[in-house]
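Data first, discussion second: the structure below is written as C-alpha cells.
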Amino acid sequence: MQNNTDEKLEGEVDSVIYRSDDTGFAVIMLKSDGELYPVVGELGNVEEGEELVCTGRFVTHQKFGEQFKCELCERSLPKSASAIQRYLASGAIKGIGVITARAIVKKFGEKTLEVLETEPERLCEVAGITPQKAEKMSQQFKQNFAVRTLMAFLSTFNIPMSACIRAFKRWGENAELLIRSNPYVLCNPAVNVPFNKADEVAKSLEIAGDDENRVNAGISCVLRENANAGHTCLPLDKLAKTTCDFLKIDRLIFDKVLADELTDESLYCYIKNGRKYIMLYDFFKAEDYISRRLSIMKECSYDNKIDFSDVIDIAEKNSGVEYAELQRKAINLALSYGFLVITGGPGTGKTTTLNAIIDLYKQQGMNVMIAAPTGRAAKRLSDISGFEAKTIHRLLEVKPTDGDNMSFVHDENNLLECDALIIDEMSMVDTLLFEAVLRGIKLTCKLVLVGDSDQLPSVGAGNVLKDIIESGVMPVVRLNEIFRQAQKSAIVTNAHKIVNGEHIDLTQKDNDFFFMQRMDFEGLQTLVSELCKTRLPKAYGYSPFDDIQVLSPTKKGPAGTQELNKLLQQQLNPPAAGKSELKTPLFTYRTGDKVMQTRNDYDIIWKKRTGEKTESGAGIFNGDIGKITACNKIVRTLNIDFDGRECVYTADMLDNLELAYAITVHKSQGSEYDAVVLTVFGGYDKLYYRNLLYTAVTRAKKLLVIVGQNRRVNFMIDNNRRTLRYTCLKDLLKELNSHGSDISDTL
C-alpha cells in the first residue's frame, strides 16, 4: 500500500520501540480502533499511554511491511485512569515506577495528572511519597508538559521536532514564552531554524516587518550566509543593501538596529582604507586574536641569528638529499625563528624540507606534533614523513557542544605539551580553526605552516594562509624551483603552467596527464562512467571506491556532481537483493555507498578499532569521506566508516551527507587521490577560473584525466579571477606591525 495523500491516524501509544532523545525520531506502536499500527517519524519524547493524532501517510517498507509515516504529530495527555497509569509506569516521570504509578492512580484516578500539576502536596497521601519527592515529580511533569506544548506550537509551522528539542535544551521551560515574545531567537545557531520559518512564526503572532528583533536577526542571517561563502566580514554598504532588500525595510531602521548591535558589541565594525566592514563578533574575536598572537610570537621568537648551516650539512649527509638554497633557508629559519610559513607549488620540495625540519627538531629533543586539516591529508603526511600526524580537530580533541560552536579540550587553560607544531595543507585551515590552534599551544612553541597559497581558500570562513603571506610582516619562504624528478610528471609541470597563465598541451598521451574531448553531455557521462567502472581499474588496478575520485567545478548540470553521483552510484553500487537502502529527498543511500559529510558536526560520536584497542572521539567534518557499512530502514540510521572511525547517522543527520563518487573541487581540498577524473564542460563562467583548475589538477597523485571541452580548459587558464574573500586579518596584522619592516621581502 502506497498513498501520497495525507491521512490522520488517531490513537493511544501502546509501546515505544525506538526513540532518540536528541533528535525526536521515534518508532512506536499506536493503538487505533482496537488495532496496532507501526508509526515512524519525529514524534518527540512520546511515552506509552499518550494519545496522538498523527498526520501523514501509509507506506510499504520493503522489509517491515506497512507502516504509517508521520509528518505532523498532535499530542494530548492520557485521559482514562488505565492510560494514565500506563503513561506514568512507562518512566515518563523520574521517581515514578510501575508500583508507584499504580498506587497514585488508585488514589486519584482520572484526576491524577491534575493533582501532579496543581496540587503536588496531595501526592503525600500515597504511602512512601515524601513532600520532597512530590515536588520533584510535579516539576518533572511540568517540564514534560512544557516540552509537549512547545512541540505542539512549533509543529504548526512544520518546524522539525529536532529543532524543538534543541530549543527546549537551550531555554528550558521558558522556551515557548521566549519564542512567542521574539520568534527570531529560533535563528540562534544552537537551534538553527531557517530565517523564513522564524518569519512564519512572527507573522502568525502579528509581529511587524520592521520589528527590531527581525532586523537584528536579518543582519546576522546575512552575515552568517556570507560566512558560509567564506567571508569573515562584509563592507557596510553591501551589508546594508543586501539586508534591506532581503527584509524589505527602510535603511533608517537598518542603521538604528546596527548602531545598537555595535554598541552592545554583538557585531563589530572595522575600518580599513576608509571603508567600514561589519563582522560577527566570533569572527572579529578570532581575527583579532590571531593577529595579536602572531605579533607576540614574532616579538618573542625573533631570529636568534644562529647559522645552522653545519647542522644542515650533516642532515644532508645522513639523508642523502642535497637541499636547494631556498630549502636550506627554510630549514635554517625553522630552527632559529619561532614562526615560519613555507609555501610553494607541487614538486618544489615542501615535503623534503618539512621532513628535514622534523628530523632536526627531534634531534634537539623537542616534542614535535604534526597536523593537517583533514583525515586524508593527515594520513598522507604520516606516510611521507614517517611520523604520526593527526587532524587538527583530533589533536586539539573536540568536545561535544550544542549548536555549531567548536570547543576543544586543549585551549589556553589546557595547553598542548609540544615544543614545535607543524601544520600542512594550511590553505584550507579557516579562521576559527586557526584561532583554536593558537589558543592550544604555548607562546614559546615553534609553529611552522606549510601550504600552497595558489590553491583555493578554506571551505570555512577566512583566507588565513594568504592573509598571513600578503601581510608582509611574518617570515615566509617561497619555494619556486621544480626539482628534476618532479619535472618528469606532466601533472606537476602542467600545474605550474596553469598557475602562471600558460596554456597546456592537451594532446599528450604518454604520461600521467590525459585530456579526452567530449562535446556533448551524454558522451561525457558515458566516458566518466567507463573510466571509473572498467577502464582505469583494468589498466592500472585502481579501485573505483578507494583510488579514483571524480571532480567537477559545479554541483548542478549534467557534468555536475549531483547527476554524476546518481550515474556512478547506479554503475558502481546498484540496488541488489539483501542490500538495504534509505531514501531522502535528494539521495538514495545504500550499503556500500561512498558518502561525504558536508558540514562540521562536532557532536558525532565515533569509535576506531586498532587491533584489540578501541578509541573513541567526537566530530566528523566538512569534506570527510566514508563508506556506508550498514543501513537500518526501520529506525532510519546509517552506519558509516570514515577511514576507520565508525559512527551512526540518524535521520536528522542525513541533511549534512551526500554521495561522494563525484565531489566538487572545493570539497577535494587537502586531499590527494591516486587517480582524478575531472569534468570541464559548460556551466557558469564564474565557476571556471584558474586557481580552481590548479587546485583540481594538484589533487591527482599518479594520474589525471580531464574529460570535456578543450576551449573550456583554456578559458579557465585565462580567467584569473581569484576567489574574493572579505577578511580583516591581513590589515590587522599590518596595523599591529606597522613599525616593522616587510619581513617576507627579505626571505
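Residues take their numbers from the sequence shown, with the count starting at 1.
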Review point. What's the verdict on side chain to side chain donor-acceptor pair (under 3.5 Å) for Lys594 and Gln549, showing C-alpha distance, side-chain angles and the deciding distance?
Key: CA-CA 11 Å; Lys594 186 177 181 180; Gln549 184 60 61; 2.9 Å; yes

Exercise for review: Before giving the answer on side-chain contact (heavy atoms from CB on, under 4.5 Å), spell out for Asp14 and Glu48 the whole-Å C-alpha distance, their side-chain angles and the decisive distance to 0.1 Å.
Suggested key: CA-CA 6 Å; Asp14 181 78; Glu48 293 177 11; over 6 Å; no

Practice item. Could you go through the side chain to side chain donor-acceptor pair (under 3.5 Å) check for Thr591 and Lys579 one step at a time? Key: CA-CA 6 Å; Thr591 303; Lys579 187 182 287 186; over 6 Å; no

Review point. Between Asn565 and Val550, is a side-chain contact (heavy atoms from CB on, under 4.5 Å) present by the stated rule, with each step listed?
Key: CA-CA 9 Å; Asn565 268 315; Val550 177; over 6 Å; no

Review point. Given the rule in the ring-ring contact (aromatic ring centres under 6.0 Å, His included) test, do Phe68 and Tyr37 qualify, once you have shown the distances and angles that lead to the verdict?
Key: CA-CA 7 Å; Phe68 191 84; Tyr37 296 91; 8.2 Å; no

Review point. Are Ile96 and Ile104 close enough, and set up right, to give a side-chain contact (heavy atoms from CB on, under 4.5 Å), and what steps lead you there?
Key: CA-CA 9 Å; Ile96 300 181; Ile104 294 174; 4.0 Å; yes

Exercise for review: Take Arg636 and Thr650 through the side-chain contact (heavy atoms from CB on, under 4.5 Å) test and state the conclusion after the steps.
Suggested key: CA-CA 6 Å; Arg636 294 179 62 79; Thr650 53; over 6 Å; no

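Between the side chain of Gln571 and the main chain of Lys533, no donor-acceptor pair closer than 3.5 Å is present. At least one donor-acceptor pair under 3.5 Å links the side chain of Ser138 to the backbone N or O of Leu116. Put simply, the side chain of Thr118 gets close to the backbone of Glu114: a donor and an acceptor are under 3.5 Å apart. Asn174 contributes no side-chain N or O that, together with a main-chain N or O of Leu177, makes up a donor-acceptor pair within less than 3.5 Å. In this structure a side-chain-to-backbone donor-acceptor pair under 3.5 Å is missing from Gln570 to Leu567. At least one donor-acceptor pair closer than 3.5 Å links the side chain of Ser181 to the backbone N or O of Leu178. Thr561 places no side-chain N or O within 3.5 Å of a backbone atom of Ala662 that could act as its donor or acceptor partner.
When only modelled atom types and interatomic distance are considered, Tyr649 and Gln597 share a side-chain donor-acceptor pair under 3.5 Å.
Nearest heavy atom pair, residue Asp430 against residue Ala461, reads CB-O, 3.3 Å. Summarising the geometry of Ile84 relative to Gly109, their closest heavy-atom pair is CD1-O, 4.1 Å, with the distance given to 0.1 Å. Val191 and Ala167 make their closest contact through CG2-CA, 4.0 Å (heavy atoms, listed as atom of the first residue, atom of the second, distance). Considering every non-hydrogen atom in both Ala81 and Val105, the closest pair reads O-CG1, 3.5 Å. Contact between Pro183 and Leu205 at its shortest, heavy atoms only, is CG-CD1, 3.9 Å. Nearest heavy atoms, Cys124 versus Ala134: SG-CB, 4.2 Å.
Contact annotation: the side chain of Leu582 never approaches that of Ile628 to less than 4.5 Å [non-hydrogen atoms, C-beta and beyond]. Counting only heavy atoms from C-beta outward, the side chains of Pro575 and Glu581 approach each other to under 4.5 Å. Taking the side chain as every heavy atom from C-beta outward, Ile625 and Val595 never approach each other to under 4.5 Å. Using a 4.5 Å heavy-atom threshold, the side chains of Ser407 and Val398 count as separate. Ile17 places none of its side-chain heavy atoms less than 4.5 Å from the side chain of Ile28. The side-chain heavy atoms of Asn192 and Arg166, taken from C-beta on, include a pair separated by under 4.5 Å. Residues Ile620 and Trp606 are in side-chain contact: their nearest non-hydrogen atoms beyond the backbone lie under 4.5 Å apart. Between Pro373 and Thr391 there is no side-chain heavy-atom pair separated by less than 4.5 Å.
The pair Glu615-Arg609 fails the salt-bridge criterion, with no side-chain N (NZ, NE, NH1 or NH2) lying under 4.0 Å from an Asp/Glu carboxylate O. Residues Arg645 and Asp624 are paired through a salt bridge, judged by an N-O separation under 4.0 Å between the basic side chain and the carboxylate. Ion pairing between Lys107 and Glu125 holds under the 4.0 Å rule for side-chain N and carboxylate O.
Residue Glu47 holds its CD atom at 12.0 Å from OG of Ser15, rounded to the nearest 0.5 Å. Interatomic distance, CG of Leu9 versus CG of Leu30, reported as 5.0 Å (0.5 Å rounding). Rounding to the nearest 0.5 Å gives a distance of 12.5 Å between CD of Glu646 and OG of Ser616. In this structure, the separation between CZ on Arg122 and NZ on Lys111 is 8.5 Å, given to the nearest 0.5 Å. Note that CD of Glu212 and CD of Glu261 are 9.5 Å apart. Values are rounded to the nearest 0.5 Å. Note that OG1 of Thr598 and CE of Met596 are 7.0 Å apart. Values are rounded to the nearest 0.5 Å.
The side chain to side chain contact (heavy atoms under 4.5 Å, CB included) test applied to Lys136 returns no partner, not counting sequence neighbours. Taking Cys187 as the reference, Phe195, Ala198 meet the side chain to side chain contact (heavy atoms under 4.5 Å, CB included) condition, with sequence neighbours excluded. Phe621 meets the ring pair (Phe, Tyr, Trp, His ring centres under 6.0 Å) test with His393, Tyr602; sequence neighbours excluded. By the side chain to side chain contact (heavy atoms under 4.5 Å, CB included) test, Gln569 pairs with Arg590, Asp593, Leu659, Tyr661, sequence neighbours left out. The ring pair (Phe, Tyr, Trp, His ring centres under 6.0 Å) search around Tyr18 returns none, not counting sequence neighbours.
Judged by the 6.0 Å and 45° rule, Lys627 forms a cation-pi pair with Phe545. Judged by a 6.0 Å distance limit and a 45° cone about the ring axis, Arg180 is positioned over the six-membered ring of Phe153.
Contacts classified as side chain to side chain donor-acceptor pair (under 3.5 Å) and involving residues 195-209 (residues at least two apart or in different chains) are given here: Tyr184-Asp199, Asp199-Arg214.
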